[in-house]
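Residue numbers start from 1 in every chain, and the chains themselves are labelled A, B, ... in the order their sequence lines are given, proteins ahead of strands.
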Amino acid sequence: MSHDRIYRSLGFRSGLEVHQQLATKRKLFCRCPVGLNNGEPDARVTRHMRPTLSELGEYDGTALMEFKTRKTVVYELLRDSMCTYEIDDTPPFRINQRAVEYAIEIALLFHCNLVDEIHITRKQYLDGSIPAGFQRTAVVGLGGWIPFRGREIGIRQVNLEEDSCREVRDEGHQIIWRTDRLSTPLVEVITEPDLETPEEVSAVNALIGRILRSSGKVRRGIGSARQDINVSITGGTRVEIKGVFRTSYGEALTANEAKRQRALLEVRNELYRRGITTETFEASSVDVTPIFAGGEEDLLPEGFVPGPAVRVVRLNGWHDLLATTTQPGRVFAHELAGRVRVIACLDAMPNLVHSDNPRVFGLTDEIWRTIRHAATATKEDGLVIVWGVARDVETACAEIIDRAREATVGVPNETRQALPGGLNRFERILPGPDRMYPDTDSPPTAISREMVERIAAALPEPLWEVEERLRKLGVSEWEARDLALSPWRDVFEKAASGGLLPVKRLAMILTGHRRAARRAGIAFDSIPPGEMERALELLGRRTLLWPGFVALLVRLADAVRAGNGEEERAGIDGIVKSDRLTPAMGEEIDMLVNTMMKGWTGGIGVDIDAAHRALTGEVVYALGPRADGAAIAKKIGERLRGMR
Amino acid sequence: MQDNPYKGYRPPALDKLKECGARVWSDVEMETTGGVFSGIILPRAETADAEHIVLKMRTGYNIGIRADRIVSMTVRGVKEAHYRIPEQEFPYDDSNPNVTLLGTGGTIASRLDYRTGAVIPAFTPGELYGAVPELADVCNLHTEKLFGIFSENMGPKQYIALAEAIGREIEKGVAGIMIGHGTDTMHHTAAALSYMVQDSPVPIVMVGSQRSSDRPSSDAAFNLRSAAYAAAHGEIAEVMVCMFGPTSDSYNLLHRGTRVRKMHSSYRSTFRTIGDIPLATVTPDSLRPLREGVYRKRAGRAVRIVPAFEEKVTMVYYYPNMKPDIIDSLVDNGYRGIVIAGTGLGHVNRPLYDALRRAHDRGVALYMTVQTLWGFVQMYVYETGREIMDLGVVPCDNMLPEAAYIKLGWALGQTDDLDEVKKIMLTSVAGEITEREPHDGYLVLQGGLPEVQDFLKNHMM
Ligand SMILES: [Zn+2]
C-alpha cells in the first residue's frame, strides 16, 4: 500500500500501552469492592497537589506545570465504593493476591520473563487523578512477544497497577474526581515501538485485547480497557496519546499525530530559515487591558467581552506561522491554546486570538493597529492576545512564549488527549523516569516458583494457535477470531470434527446467528453446551429443519432464563415432540396441499409459476417451523403439472 | 552511603554479588535462567529476605531477581548519586516577624532519594526555602536542630532541652517559635512544654506531618505554612499543636498543648482537642480564634522555664481482671508515681486495693484519670470511687491520661514532698484541668445518621 510507504518514509514508529482492568472482586490495595457507582456522593474532600523535588534539585517538568495550574482538587466519596485508603488517609493493605496471580498469567500469555519479586513503585501524578499524588504500580513481566503477520511484536513490560479516579469535571481552577474506580486492579501491557503504520497500531491493539480476553481474567464493558498510543517520526519526539477508548479512532489518531509532528518539524525548519533558533528566539508580552476597557467600546465587536485583564504576546519574526496547519482543521495556534487551556486554566474556548487569523470575534484593523503599536510589533511578528483573570493571563503569556520557543526544537515531549474523530489535544508534558520511586509503604512480594508453575500449567492455549487451527478447519478470519474467544469454541470444534454439519454452517450458527439472537434478546449463551450439541445433531440429521432448530433454541434459552432446573425441563426430545418441531412429511403435506388446492381449477392464462410460489407460501406459513419448503414446493409442482 | 557496598544484602544474594564483582549502585546486565534483566543494583531493605537482588530499571521501575537464578552478570559501571536538598538563601524582610524553627528529628519538609525511596530531610532555612518558598511571605526564618530522633524516642531529656531552647529563643526576642516533631508522641511533648514553659510571651507552635512530604498530597507544606503564620502573626501565646482540621487541606486547627491527642493512626486530621473546643483555625495566611480565655501575645521577653522530670513515673491502663502484681512490681521496681487510666468515672477492681494501699504507704504518688478520655474523674459518685480515694489515689479531674502522666513526672522532678506534688498536680498550669466542660467539647459525630450525612455532603470533611 502506498500509504504504508509514506509512513515508512516518515520514519513512523509507534508503540501501545494497553490498560486492562482485571476481573477481581476487590481492589488492589484495600478491601473495597470493584465497580462503578453513579450515585450521589456521600461526601467531598478537597486537596491540592504540590510537586516534590526531583533528582536535579528542581521540580520535574510535569510536576511544575501542574503546580502552575493551581487547581483545587475535589474528590467525590461514596461509602460503598471507597474507604480511607482511597483518600490517602490509610496506608495500603497487602497487595491483592488474586490480582497478582491474574497478572502473572497475563504476563505468561505475552511470553514475558517474570520478575522474582514484585516491587511496588510510586508513579507521580499531580493532576489529582490519584489522591496520594502517585499511582502504585509494579512490573510483573518483561521482554515478551506476540506473533503478528509473520513477525514478532516485542512486549516491553507487563505491569500490575491500581486504576485512577474517574474525572467528573475539569473547569477553570477546579477539577472533580470520583473515587469509585480508584485502585481497581489493572494490567498494563506495553509494546516496543515496533508498529510501522497506523493500520498496524489498530490491528495490534485489537490483537492485544483479544489475548487479554483469552485469559478470562479481565473485566469487560465500557472503560474497562484503555489504550495509550506512543507516536514518533524521524526527527520528532515520542508523544503519548491518552484515552483512546474507541479503537476505530486509533488509526486516524496515529495518522493525524504523524501529520502533526511533520508539520511541527516544518515550522521548525521555516523558523531556521528565518534565523530563529532556540538561542535567537525572542518574545515578550505587554498589558493591553486599557485598549479593551472602556472609552473605546465602540471599537469592540459586539459580544466580545475580554477581561478583566488582556495581554498580547509578541513572537518576533513569526508572521504567518501561527496559521500553519497541524491536524485537519487545526493550526499551530491550537498548540498555544492547548497549553493556555491546561496550564493557565483559561478553558473557555477560544481562549486566544492571533494575528494570522485576525477576524475572530470581528476585531477590526483599527484595533489590531492599536495592539500592534502597543506591542511595538512589526509586520514580521506574530501576535497572540489572551484575556482573563490577571494572574492566569500572566501564566498564559509565559506558557505561549515557552511553547513557541519549543517550536525551535520541533516536537515537544507531550501527553496528548485523544478527541473523537481522531484529533488530539495537549494534556500535559510527558513525565520522565524521575517521577518513579519505590513505595516505602509496601514490602516486596516474592513470586514463588510453585505459584508460577501452577499458573503456567493452567494457562489457556495461545490465542493465535487456536485461531490458526480454526482457520484450517475452513472458517473465515472473522469467525476464527470470534470463535477463539467464544464460550461455544468447544462445542464448535466437537461438532465440526463430528462432520454432521458443514463447518461453514456451524460457524455461522455459533457466530453470526448467535449475535443476531443476542441482539433480539434471546439468551443464546445460557443454553447448556450439551443441549446445543444435541440440537446441532438434530439439525445435521435433518430431524429438525432450520425453522424448527431456531424454535428449539428459543425454547431452550427461555427455559434456562425461567430458571427451570434440568429435571423440570422437558429435555430436547420432549420439546421437539410436544412443540411438534419435526418437519411435516408425506401424507401430512399431501393433506394440506389438497385442502389448499380445493376448488382450484387452473385454466388458461393462469401464471403457473406465480401460482406455484403463492401456494407454496401458504402451505409453508400454515406449517410454521415444521415446513420443509423444498419438499412442499416439489409436491405442489407435481400437482400443478398433473392438472395441466 | 558509600560505607557499605553491599548495603542490606546477606548470603546468598550477597555471595552472588561478590562472585559477579557487583555491588550496590553497579549498573549491570544480568543473565538469568528466566531472561536478561538490566538496571542499577539498589540497596536492600534490612527487613527483606536474603534471596533477592533489587534492580532499578531504566524506566524507573524496581524489580527483584532471585540470586540463584542469575547465571552471569556484566557490570557496566557504577552509578551512585547523592541527593541533596537544593539550598537557596532564605530572604530576609525587615517587615516580617522573626520565627525560630526548632528541630527534633521529625521531617516536615524533605526531598526524596528517587532510587531508594529514602527521605532526606530539609531543615536549614535555605533548604526549607527551597522546598516551601511560601514561608518567606510570612516570616524571617531561623532554624536550630536540637536532635535527630524519631518521635517515639522523645523523652525527658529532650523535653528539658527543648524547654531551655525555647527560653533562649524568647530571650533573643523572636516573635514566635515552631517545633518540628513527629506526630506519634507530639501530644506528650506538647504537654511537657506546656508545663515547663510558663507565661510565654510568644506563640509556641508544634507541627508535623501525617503524610511525608515526598508525596504530592502531603500535608507537610500546608501544616508548616499554617504553623509559620500562627507563630509569626498569631495572637495566642501558648504551646499549641498545629495540624489538619478536616482531611481536606482547607484549614488547620490550633490545639492547646495539654488538651490535644492523636486520635487516628493514619488520618491527616488525627489531632483532636478533647473535652474542649480548639483554640483557633489557621491557614497559611489567616487565623480565626474560636474561643475566649487564651493567653495572649505580650511584649517583653520574660518567661519562666521549669525544666524538671522524674523518670520513674508510669501509666497503667486498667482492664477488668487486672492482678495486683502489676502494681506491686511497679512499686518493687522503684516507681515513684503511677497514673491510672481507670474505667468509667475512675475505677479499678477490688483485688487491686491492697496493692494500691501498699504503694501509697511506700510513698508512691497515685493519680486517677479516665480511659474514656472525655469527661471528669468523679470518685465521689460511687462507693468504689470513695474506697479508692481512701487508698490514697488522687483524682485528676479532666486531665487527659497522657497529660497527667507527663505532669506527674514534671511534679516529682521538682519535689519529693507528696503534698507539694499534689498541689502541683491539681493546680491547672496550662488548661490541663478545666473548670467547665463546654457542651460542644464532646463531639464525635457518628457517620450514617441522616443529619451527619447531610453535614458531610454540604461541607468539606
Ligand atoms: Zn478502599
### Query
Do you know which of B:Gly64, B:Gly35, B:Gly447, B:Ser265 has the most heavy-atom pairs under 4.5 Å to chain A?
B:Gly64
### Query
Do the non-hydrogen side-chain atoms of A:Asn159 and B:Tyr61 ever get within less than 4.5 Å of each other?
yes
### chain B contact via A:Leu114 - side chain, backbone, both or neither, heavy atoms under 4.5 Å
backbone
### Query
Taking atom types as modelled, is there a side-chain donor on B:Thr247 or A:Arg47 under 3.5 Å from an acceptor on the other?
yes
### Query
With respect to chain B, which residue among A:Thr137, A:Thr84, A:Val73 yields the maximal number of heavy-atom pairs within a distance under 4.5 Å?
A:Thr137
### Task
State whether the side chain of A:Asp116 and the backbone N or O of B:Ile65 hold a donor-acceptor pair below 3.5 Å, judged by distance alone.
no
### Message
Please check if the number of heavy atoms outside A:Arg454 that lie under 6.0 Å from its CZ is greater than 12.
### Response
yes
### Task
Begin from the C-alpha positions of A:Leu142 and B:Met57 and carry the test side chain to side chain contact (heavy atoms under 4.5 Å, CB included) through to its verdict.
CA-CA 11 Å; A:Leu142 293 155; B:Met57 303 192 305; 3.7 Å; yes
### Query
So do B:Pro216 and A:Gln124 actually touch side chain to side chain, heavy atoms under 4.5 Å?
yes
#### Entry: N/O donor-acceptor pair under 3.5 Å between B:Ser266 side chain and A:Asp89 backbone
yes
### Query
Got A:Arg449 and B:Arg69 here, is their nearest side-chain heavy-atom distance under 4.5 Å?
yes
### Message
Please identify, among B:Gln210, B:His264, B:Gln453, B:Arg211, the residue contributing the most non-hydrogen atom pairs under 4.5 Å to chain A.
### Response
B:Arg211
### Task
Return yes if some donor-acceptor pair links the side-chain N/O of B:Asp249 with the main-chain N/O of A:His48 below 3.5 Å, else return no.
yes
### Task
Pick one of side chain, backbone, both or neither for B:Asp49, based on which atoms fall under 4.5 Å of a heavy atom in chain A.
side chain
### Task
Find the distance between OG1 (B:Thr32) and CG (A:Asn113) and round it off to the nearest 0.5 Å.
6.5 Å
### Query
Once you round to the nearest 0.5 Å, how far does CG of B:Asn62 lie from CD1 of A:Ile120?
10.5 Å
### Query
Is a salt bridge present between B:Asp219 and A:Arg50, judged by a nitrogen-to-oxygen distance below 4.0 Å?
no
### Message
For a 4.5 angstrom cut-off between non-hydrogen side-chain atoms, does A:Arg122 reach B:Arg215?
### Response
yes
### Query
Heavy-atom distance under 4.5 Å to chain B: side chain of A:Gln157, backbone, both or neither?
side chain
### Query
Is it the case that B:Ser217 and A:Asp88 place a side-chain donor and acceptor less than 3.5 Å from each other?
yes
### Message
Need one label for B:Phe222: side chain, backbone, both or neither, based on atoms under 4.5 Å from any heavy atom in chain A.
### Response
neither
### Query
Within a reach of under 6.0 Å around CD of B:Glu89, are more than 12 heavy atoms found that belong to other residues, nucleotides or ligands?
no
### Query
Taking 4.0 angstrom as the limit, do A:Asp42 and B:Lys457 come out as a salt bridge?
no
### Query
Tell me, side chain or backbone of A:Pro41 under 4.5 Å from chain B's heavy atoms, or both, or neither?
backbone
## Note on the structure
Heavy-atom closest pair (B:Lys56 atom, A:Met436 atom, distance to 0.1 Å) is NZ-O, 3.6 Å
